[in-house]
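Single-structure report; data block below.
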Amino acid sequence: MYVLVTGGIGYIGSHIVLELMKLDIKVIIIDNLSNSSIKVLDRIIIISNKIPLFFNIDINDENKLDWLFLNYKISTVIHLAGFKSVGDSVKNPINYYHNNIGGTITLLTVMKKYNVYDIIFSSSATVYGVTKLMPISEKCALNPINPYGKTKLYIENLLLDIFKSNIQWNVIILRYFNPVGAHKSGLIGDNPSLIPNNLMPYITQVAVKKLEKLFIYGKDYNTKDGTGIRDYIHVVDLAVGHVKALFYMQNKHICEIFNLGTGIGYSVLELVKTFEAVSGVKINFTFVDRRAGDLDIIYADSSLAREKLEFHPQFNLDDMCTDSWIFQKNNPDGYL
Ligand code: NAD
Ligand code: UDP
């Protein structure tokens, strides 16, 4: 039996694949490479010394998915494939609704046809939208404020509905906070194709002089130093969280939701200072206006994942900055 990882060539998926292969779990990756490079597959092979099955399949392509499920015995799907840029989703909502929701419907249709009912879905803290209640628990109100977050919430609701319709489904929804860091080999990491939207890859690109300086969005938030606070989590801890979820769901028929964060918030300035300390590189920055839609503080109540999944992140902010830096330094131009 195989675990199918959709979007397994991407940033988070590739780290999950490695954690699964470390435990000798048989993996199939599908990815249409719309936001990733096939070179990641070579690097997965170098790091693991194993060759996962890979197929260039779009989750919207029902015929190819049908072929896959007919020919391989799949026990569980870890579903990451989708578009993830908040800004892009505001400009191109149809693409987001089509790819994220449409693709998931096609995937679930084929899963059902082949009696594959176990799914772990990559959701996001973005589903919470605007809230002042910190830390955020899974029970907080959901009110995403951009099309990307809305597609995640639609899919969550779809999964809740299919579970209600047929108790054979076995669903875990993971709401990620802010994944950063990279594999300790320095071979795989976050590699945005355009100018990064997220803080950490922006900082690392300033550090290798691909970008001139960091623009810090807002210095008058109601926080200790005036800059925004987020819950950064090392991508390898996040990947391990999926393995824990996979073990937890075995032989169950559940539909459960977990935050995956560390439960600790760091400000933009703390991240910059930590990065400078571990890398020895000065990060030029300037303060600019707040970014539309940003909240002052977001961090997870991660107690549910701690208790039920035994999820205990191992890496601290130093590790996150060090590993992001090593990846960027080794790959200043990405996977060229
Ligand atoms: P990523 O873009 O690096 O990986 C996603 C992968 O999916 C890419 O390799 C892309 O080529 C592939 N893909 C996209 N559409 C596809 C399709 N129709 N068919 C097949 N493959 C397709 O992104 P990531 O950071 O690894 O994120 C993975 C998942 O986690 C996404 O669903 C994202 O929304 C979610 N998530 C990410 C973050 C984050 O900050 N990175 C935070 C919360 C949630
Ligand atoms: N941020 C910033 N400059 C950037 C990118 C992000 O100051 O170029 C800030 C942003 O305002 C937020 C934090 O860094 O306070 C994390 O932003 P990111 O986009 O990485 O995550 P998200 O806001 O989606 O949680």
Side-chain angles (χ1 to χ4, degrees), residues 5-16 29-38 40-41 55-61 64-65 78-89 95-96 98-100 102-104 106-107 121-128 146 148-149 151-152 155 174-180 188-193 195-203 205-206 211 213-219 221 223 226-233 235 238-239 242 260-261 265-272 285-299:
V5 182
T6 76
I9 299 293
Y11 171 43
I12 299 168
S14 54
H15 289 84
I16 295 173
I29 301 170
I30 59 170
D31 199 302
N32 67 357
L33 306 178
S34 56
N35 194 40
S36 51
S37 162
I38 192 61
V40 170
L41 184 61
F55 300 102
N56 185 333
I57 294 180
D58 190 310
I59 54 164
N60 293 284
D61 189 334
K64 283 197 184 154
L65 285 180
I78 301 182
H79 176 34
L80 298 103
F83 294 152
K84 65 165 180 178
S85 159
V86 169
D88 192 25
S89 79
N95 291 355
Y96 275 69
H98 180 264
N99 197 41
N100 293 5
T104 302
T106 306
L107 177 69
F121 172 61
S122 299
S123 190
S124 166
T126 318
V127 295
Y128 293 114
N146 54 65
Y148 165 67
T151 66
K152 290 292 180 192
I155 297 167
L174 299 176
R175 294 184 182 145
Y176 310 160
F177 279 68
N178 290 63
V180 295
I188 57 168
D190 196 2
N191 180 41
S193 48
I195 294 184
N197 294 306
N198 294 118
L199 180 61
M200 184 67 95
Y202 205 106
I203 290 176
Q205 293 201 13
V206 171
L211 296 169
K213 63 177 163 185
L214 172 69
F215 299 97
I216 297 184
Y217 301 134
K219 60 174 176 185
Y221 281 110
T223 60
T227 64
I229 290 182
R230 294 291 181 275
D231 184 339
Y232 299 96
I233 176 163
V235 66
L238 193 65
H242 290 72
L260 288 189
Y266 289 105
S267 74
V268 175
L269 282 176
E270 282 175 320
L271 196 79
V272 170
F285 64 82
T286 185
F287 290 107
V288 294
D289 287 347
R290 293 178 177 197
R291 183 170 64 178
D294 270 357
L295 297 184
D296 48 359
I297 305 180
I298 309 174
Y299 63 98

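Whatever order the structure lists them in is the order used to number ligands and atoms, beginning at 1. These numbers come from the heavy atoms of this one structure, side chains and all, not from hydrogens, waters or symmetry mates. Predicted, not measured: the structure shown is a model, and the values here were computed from it.
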| query | Where the side chain of T6 meets the backbone of L80, is there a donor-acceptor pair that is under 3.5 Å apart? | reply | yes
| query | Which atoms of ligand 2 are found less than 4.0 Å from any heavy atom of Y232? | reply | 13 (C), 16 (C)
| request: Flag V268 as yes when one of its N or O atoms lies below 3.5 Å from any N or O atom of ligand 2, and as no otherwise. | output: no
| query | Which ligand 2 atoms are under 4.0 Å away from a heavy-atom of G228? | reply | 15 (O)
| Rounded to the nearest 0.5 Å, how far apart are OH of Y232 and CD of E270? | 10.0 Å
| Distance (rounded to the nearest 0.5 Å) between H242 NE2 and L260 CG | 6.5 Å
| task | Starting from atom 29 (C) of ligand 1, locate the nearest protein heavy atom and write down its residue, its atom name and how far away it is, to 0.1 Å. | result | L80 O, 3.4 Å
| request: Take I195 and Q205 through the side-chain contact (heavy atoms from CB on, under 4.5 Å) test and state the conclusion after the steps. | output: CA-CA 9 Å; I195 294 184; Q205 293 201 13; over 6 Å; no
| said: When you compare the side chain of D31 with that of S36, does any pair of heavy atoms fall below 4.5 Å? | reply: yes
| task | Note the single closest protein heavy atom to atom 15 (N) of ligand 1, along with its residue, its atom name and the distance in Å. | result | N99 ND2, 3.0 Å
| query | Short N/O distance, under 3.5 Å, between K84 and ligand 1? | reply | yes
| Quick one: does K152 get a heavy atom under 4.0 Å from ligand 1? | yes
| Does the side chain of V206 reach to within under 4.5 Å of the side chain of F285, using non-hydrogen atoms? | no
| query | Which atoms of ligand 2 have any heavy atom of N197 under 4.0 Å away? | reply | 5 (C), 19 (O)
| Heteroatom proximity flag, I216 to ligand 2, N/O under 3.5 Å | no
| Taking N99 for the side chain and G82 for the main chain, is one N or O donor matched with an acceptor at less than 3.5 Å? | no
| message | Is it true that Y148 and S85 share a donor-acceptor pair across their side chains at a distance under 3.5 Å? | response | no
| message | If the cut-off is 4.0 Å to any non-hydrogen atom of D58, which atoms of ligand 1 fall inside it? | response | 17 (C), 18 (N), 19 (N), 20 (C)
| query | Tell me, which protein residue and heavy-atom name are nearest atom 2 (O) of ligand 1, and how many Å apart are they? | reply | N35 ND2, 2.7 Å
| task | Using a strict 4.0 Å cut-off to heavy atoms of I57, name the atoms of ligand 1 that fall inside it. | result | 19 (N), 20 (C)
| note | for atom 4 (O) of ligand 1, nearest protein heavy atom and its distance come out as G10 CA, 3.4 Å
| Which heavy atom of the protein is the closest neighbour of atom 30 (O) of ligand 1, given with residue, atom name and distance? | Y176 CE1, 3.3 Å
| message | Quiz question: by atom type and distance under 3.5 Å, do the side chains of Y96 and D88 form a donor-acceptor pair? | response | yes
| message | Tell me the nearest of T6, I59, I78 to atom 19 (N) of ligand 1, using heavy-atom distances. | response | I59
| message | Between N198 (side chain only) and P201 (backbone N and O only), is there a donor and an acceptor less than 3.5 Å apart? | response | no
| Straight-line distance of I12 CD1 to I78 CD1, nearest 0.5 Å | 12.0 Å
| Stepwise, does the side-chain contact (heavy atoms from CB on, under 4.5 Å) test hold for F83 with N100? | CA-CA 7 Å; F83 294 152; N100 293 5; 3.9 Å; yes
| task | Could you pull out, from F285, Y217, Y202, F177, the option with a heavy atom nearest to atom 4 (C) of ligand 2? | result | Y217
| remark: Residue, atom and distance of the protein heavy atom nearest atom 20 (O) of ligand 2 read L199 N, 2.9 Å
| Would a 4.5 Å heavy-atom cut-off, applied to side chains only, mark T126 and K84 as touching? | no
| task | Look at atom 13 (N) of ligand 1 and say which protein heavy atom is nearest, naming residue and atom and giving the distance to 0.1 Å. | result | N32 OD1, 3.4 Å
| message | Please list, in number order, the atoms of ligand 1 under 4.0 Å from a heavy atom of G7. | response | 6 (C), 7 (O)
| field | From CG (N197) to OH (Y202), nearest 0.5 Å | value | 10.0 Å
| query | Are the side chain of N32 and the backbone of S34 linked by a donor-acceptor contact shorter than 3.5 Å? | reply | yes
| remark: Among Y148, F83, Y96, the residue with a heavy atom nearest to atom 33 (C) of ligand 1 is Y148
| task | Run down the list R230, R290, R291 and name the one with the heavy atom closest to atom 17 (O) of ligand 2. | result | R291
| Quick one: which ligand 1 atoms are inside 4.0 Å of a heavy atom on N60? | 18 (N)
| field | Any S123 heavy atom less than 4.0 Å from ligand 1 | value | yes
| request: Go through ligand 1 atom by atom and flag the ones less than 4.0 Å from a non-hydrogen atom of L33. | output: 11 (O)
| request: Check if P179 has a non-hydrogen atom at a distance under 4.0 Å from any atom of ligand 1. | output: yes
| Which heavy atom of the protein is the closest neighbour of atom 11 (O) of ligand 1, given with residue, atom name and distance? | D31 OD1, 2.7 Å
| task | Would you mind reporting whether L269 and F287 have side-chain heavy atoms less than 4.5 Å apart? | result | yes
| query | Any heavy atom of T126 sitting closer than 4.0 Å to ligand 1? | reply | no
| query | Which value, rounded to the nearest 0.5 Å, describes the distance between L238 atom CG and L174 atom CG? | reply | 8.0 Å
| Which of the atoms in ligand 2, numbered in the order shown and given with their element, are less than 4.0 Å from a heavy-atom of F215? | 2 (C), 3 (N), 4 (C), 7 (O), 8 (O)
| task | State, with a plain yes or no, whether a side-chain heavy atom of P196 is found less than 4.5 Å away from one of L211. | result | yes
| request: Find all atoms of ligand 2 within a distance of less than 4.0 Å from any non-hydrogen atom belonging to D294, and give their numbers and elements. | output: 10 (C), 11 (O), 23 (O)
| query | Which of the atoms in ligand 1, numbered in the order shown and given with their element, are less than 4.0 Å from a heavy-atom of S34? | reply | 10 (C), 11 (O), 13 (N), 14 (C), 15 (N)
| note | Within 4.0 Å of some non-hydrogen atom of L214, the atoms of ligand 2 are 3 (N), 8 (O)
| field | Reported CG-to-CD1 distance for the pair L107 and I59, which is rounded to 0.5 angstrom | value | 6.0 Å
| said: Within the 4.0 Å heavy-atom shell around N178, which atoms of ligand 2 are there? | reply: 21 (O), 22 (P), 25 (O)
| message | Given R175, which partner from the list S123, S124, S122 fulfils the side-chain contact (heavy atoms from CB on, under 4.5 Å) test? | response | S123
| request: Could you list the atoms of ligand 1 found under 4.0 angstrom from a heavy atom of S36? | output: 8 (C), 9 (O), 11 (O)
| query | Which one holds for I298 and ligand 2: side chain close, backbone close, both close, or neither close, with close meaning a heavy atom under 4.0 Å? | reply | neither
| What is the closest protein heavy atom to atom 3 (O) of ligand 1, and at what distance does it sit? | Y11 N, 2.9 Å
| task | Return a yes/no value for I12: is any of its N or O atoms, backbone included, closer than 3.5 angstrom to an N or O of ligand 1? | result | yes
